[in-house]
Amino acid sequence: VQPPANAEKFIRLTGSLEEKQMRIQSFLEPITGVHKEEPYQSLLPMEQAVQMWLDQPVGQLAEAVNPEEKLSAALTGSYIAALFNQVQLEETGADFSCTSLGNDPVGLQKEVTMKYIIDGSFLYGHIKGVQRYARQITKELDKYMADKPYEVEIAVPEIDSEGTSAEINSYKTHYNNIKIVILAGKSGRMWEQFSFQRYVDKQKAKPVYLCNEVSLFMKNGIVTVHDIAFKTHKEFFREPGDWHEILFRKLMYLKAFKSADAIITVSGFSRKEIIDNYNTHGKEIVVAGNGWQHFDVNSIDESIFDKYASRIKRHKYYLYMASLAPNKNLNWILNNAKLHPESTYVIAGESLGDRSGIEKLGNVVAIGYARDSEARALMKYCKAFLFPSTYEGFGIPPMEALCMGAEIVLGDIPVLHEIYKNAATYVNCHKPDVNIDELLEKNKVSDEAVQNVLSSHSWDRSAHIIAGIMDKYAE
């Protein structure tokens with residue numbers, strides 16, 4: 001007997017023997033109360049073992065079963081329900097079997113059980129661009145996974161990079177249709193290369209990578225490549241020991257492009273770079289870009305202006321989100337600030353230390369890390385958001401600033417033109433001797449141009465594209 005989905009009710013059966021006649025009644029009972037933690041913890045190992053057993057392929061069908069329309073199934077019978085009933089009867093020896101199907105039509109691939117497992121390392125640590133992408137994509141992807149003929153899991157390491165144990169229940173609230181699985185080991189490249197891939201192989205599943213990392217032992221799956229800076233801009237990797245990273249990424253991407261079923265990237269620019277620089281073996285390369293809807297435009301914390309009351313005035317400063325990464329072009333900001341001591345430049349985000357030379361400029365206010373609500377306030381009231389980047393796969397920060405109503409000044413590079421079109425003012429990344437006020441005055445950006453950009457990019461749209469790729473390669 002299969003009760004309603006999502007455990008909203010359970011079935012209570014009662015039986016009695018009266019005058020040699022068996023009387024059985026069934027009742028649908030609502031779920032009430034909250035179970036205690038102890039029974040859950042005691043039964044969890046058994047539940048996990050059962051799920052692993054259930055996930056093993058039970059065989060192959062002669063042909064795929066197409067989804068059935070509800071009216072047709074009601075009038076002429078359901079092939080998929082009959083199949084479920086037959087398997088249940090033969091395996092259990094029961095006298096009768098009843099199967100209920102969901103409201104949405106479902107079908108089966110030729111192999112009855114199939115699973116995707118997403119590398120969930122992104123659930124740990126600070127949220128940067130690729131981690132933001134993975135979190136938002138999986139959040140939206142979850143709603144597309146209902147009633148699929150395959151399962152989806154997110155595997156996370158038991159211990160994060162700072163030594164903290166995983167709290168599985170804190171993640172469960174984010175997903176209704178995607179299951180969280182904790183694997184032994186500490187977050188990091190070793191876990192990703194060995195523990196994650198070993199679990200994928202054991203489950204006979206396909207991996208899904210969303211964060212520019214793959215296992216060298218992958219056999220198939222879906223890979224997301226945000227950019228190939230290590231290939232096209234080796235000058236960005238100039239720290240001692242960076243050659244190890246370049247070598248590893250070369251090996252990793254050669255493996256990815258050879259073994260993946262499909263490749264996802266975030267812009268047409270990145271897609272072209274991949275095609276121009278790699279033999280992708282005829283693999284499908286799909287663009288599923290970033291969104292901005294994670295930015296709660298109504299949640300702002302203006303107390304930052306009280307904290308820096310003497311130095312930061314609303315509508316009187318330029319804003320830059322700090323990074324020492326070479327492509328982020330901090331030197332452009334500092335050199336422009338030197339040329340315009342009458343203007344105020346607020347730098348928020350990454351701590352820059354003594355290497356930047358920022359401490360020598362009186363018109364630059366370095367506030368360090370800003371909470372999301374503070375960053376939104378700074379974006380809302382800035383004269384312009386500055387992003388003179390020399391290389392990006394997409395470039396999320398200007399999109400966040402744009403949705404807060406800020407004007408954006410961007411590096412004049414192809415990918416930013418692709419994404420932001422005529423909703424931005426562009427500057428030469430190598431010539432900081434410009435007057436930003438004059439540029440903004442000359443280049444009036446229309447509200448229509450801004451709305452066209454914002455309406456063209458959403459996490460939901462990209463998740464829908466990725467769900468389609470998963471459907472296509474679920475074999």
Side-chain angles (χ1 to χ4, degrees), residues 41 44-57 113-128 130-135 137-138 141-142 145 150-172 174-175 178-226 244-245 247-264 466 470 473-474:
Q41 293 298 336
L44 186 58
M46 181 187 298
E47 165 67 11
Q48 292 174 335
V50 168
Q51 290 300 326
M52 290 183 67
W53 175 77
L54 288 172
D55 290 339
Q56 299 305 309
T113 295
M114 191 272 162
K115 179 186 290 185
Y116 283 109
I117 303 176
I118 300 172
D119 177 355
S121 299
F122 58 84
L123 290 176
Y124 286 129
H126 296 295
I127 303 179
K128 295 186 178 181
V130 294
Q131 290 81 14
R132 173 73 70 191
Y133 180 89
R135 291 189 184 196
I137 287 294
T138 51
L141 191 64
D142 181 57
M145 293 299 104
Y150 53 83
E151 297 181 40
V152 182
E153 293 180 352
I154 296 181
V156 300
E158 184 179 24
I159 306 295
D160 69 17
S161 57
E162 298 177 353
T164 305
S165 296
E167 294 282 349
I168 188 170
N169 288 325
S170 69
Y171 297 137
K172 274 187 173 179
H174 296 291
Y175 307 106
I178 299 176
K179 179 183 175 183
I180 301 292
V181 176
I182 295 179
L183 305 183
K186 184 177 180 179
S187 179
R189 190 161 274 171
M190 294 295 288
W191 179 89
E192 207 157 37
Q193 291 297 310
F194 298 104
S195 299
F196 175 77
Q197 186 61 43
R198 187 162 51 243
Y199 179 69
V200 169
D201 291 342
K202 185 176 181 180
Q203 294 291 300
K204 298 181 176 62
K206 290 189 176 185
V208 177
Y209 296 97
L210 296 172
C211 291
N212 268 354
E213 295 271 340
V214 305
S215 171
L216 293 175
F217 305 99
M218 68 174 292
K219 300 176 180 63
N220 51 29
I222 298 171
V223 172
T224 307
V225 178
H226 293 258
H244 293 100
E245 182 68 16
L247 177 60
F248 181 78
R249 288 197 171 273
K250 283 183 177 180
L251 294 172
M252 185 169 60
Y253 280 33
L254 285 171
K255 179 65 174 179
F257 295 139
K258 182 179 180 180
S259 301
D261 295 316
I263 300 160
I264 296 166
I466 294 173
M470 294 172 73
Y473 293 97

From CA spacing to verdict: side-chain contact (heavy atoms from CB on, under 4.5 Å), Asp201, Lys219: CA-CA 9 Å; Asp201 291 342; Lys219 300 176 180 63; 3.0 Å; yes
Side chain Lys115, main chain Glu153, donor-acceptor under 3.5 Å: no
Under 3.5 Å donor-acceptor, Gln193 side chain and Met190 backbone: no
Distance in Å, Ile137 CD1 paired with Ile466 CD1, rounded so as to fall on 0.5 Å steps: 4.0 Å
Nearest non-hydrogen partners of Leu183 and Ser195, listed with the distance: CD1-O, 4.0 Å
Salt-bridge contact Lys179-Glu151 (side-chain N to carboxylate O under 4.0 Å): no
Near-ring test Tyr473/Tyr150, centroid separation under 6.0 angstrom: no
Short side-chain to backbone donor-acceptor contact, Ser259 and Ala256, under 3.5 Å: no
Worked check of side-chain contact (heavy atoms from CB on, under 4.5 Å) between Lys128 and Gln131: CA-CA 5 Å; Lys128 295 186 178 181; Gln131 290 81 14; 3.3 Å; yes
Any donor-acceptor pair under 3.5 Å from Arg189 side chain to Glu213 backbone: no
Check: Tyr116 side chain, Met470 main-chain N or O, donor-acceptor pair, under 3.5 Å: yes
Spatial distance of atom OG1 (Thr224) from atom CD1 (Ile263) [nearest 0.5 Å]: 10.0 Å
Residue pair Pro207 / Asn220, side-chain heavy-atom distance below 4.5 Å: yes
Phe196 and Tyr209 aromatic ring geometry - parallel, tilted or perpendicular at 30°/60° bounds: perpendicular
Minimum side-chain heavy-atom gap Phe257-Val225 below 4.5 Å: yes
From Thr138, Ile118, Val208, residue fulfilling side-chain contact (heavy atoms from CB on, under 4.5 Å) relative to Val152: Ile118
Heavy-atom pair with the smallest gap, counting every atom of Gly120 and Ile154: CA-CG2, 3.5 Å
Derivation and outcome, side-chain contact (heavy atoms from CB on, under 4.5 Å), residues Leu216 and Phe248: CA-CA 9 Å; Leu216 293 175; Phe248 181 78; 3.8 Å; yes
Heavy-atom donor-acceptor pair, Asp261 side chain to Gly221 backbone, under 3.5 Å: yes
Glu245 and Lys250 ion-paired at < 4.0 Å: no
Side chains of Ile264 and Tyr133 in contact at under 4.5 Å (non-hydrogen atoms): yes
Criterion side-chain contact (heavy atoms from CB on, under 4.5 Å) on Val156 and Phe122, from CA distance to verdict: CA-CA 9 Å; Val156 300; Phe122 58 84; over 6 Å; no
Nearest non-hydrogen partners of Lys255 and Ser215, listed with the distance: CG-O, 4.1 Å
Short side-chain to backbone donor-acceptor contact, Tyr175 and Leu141, under 3.5 Å: no
4.5 Å side-chain heavy-atom contact, Asn212 and Arg249: yes
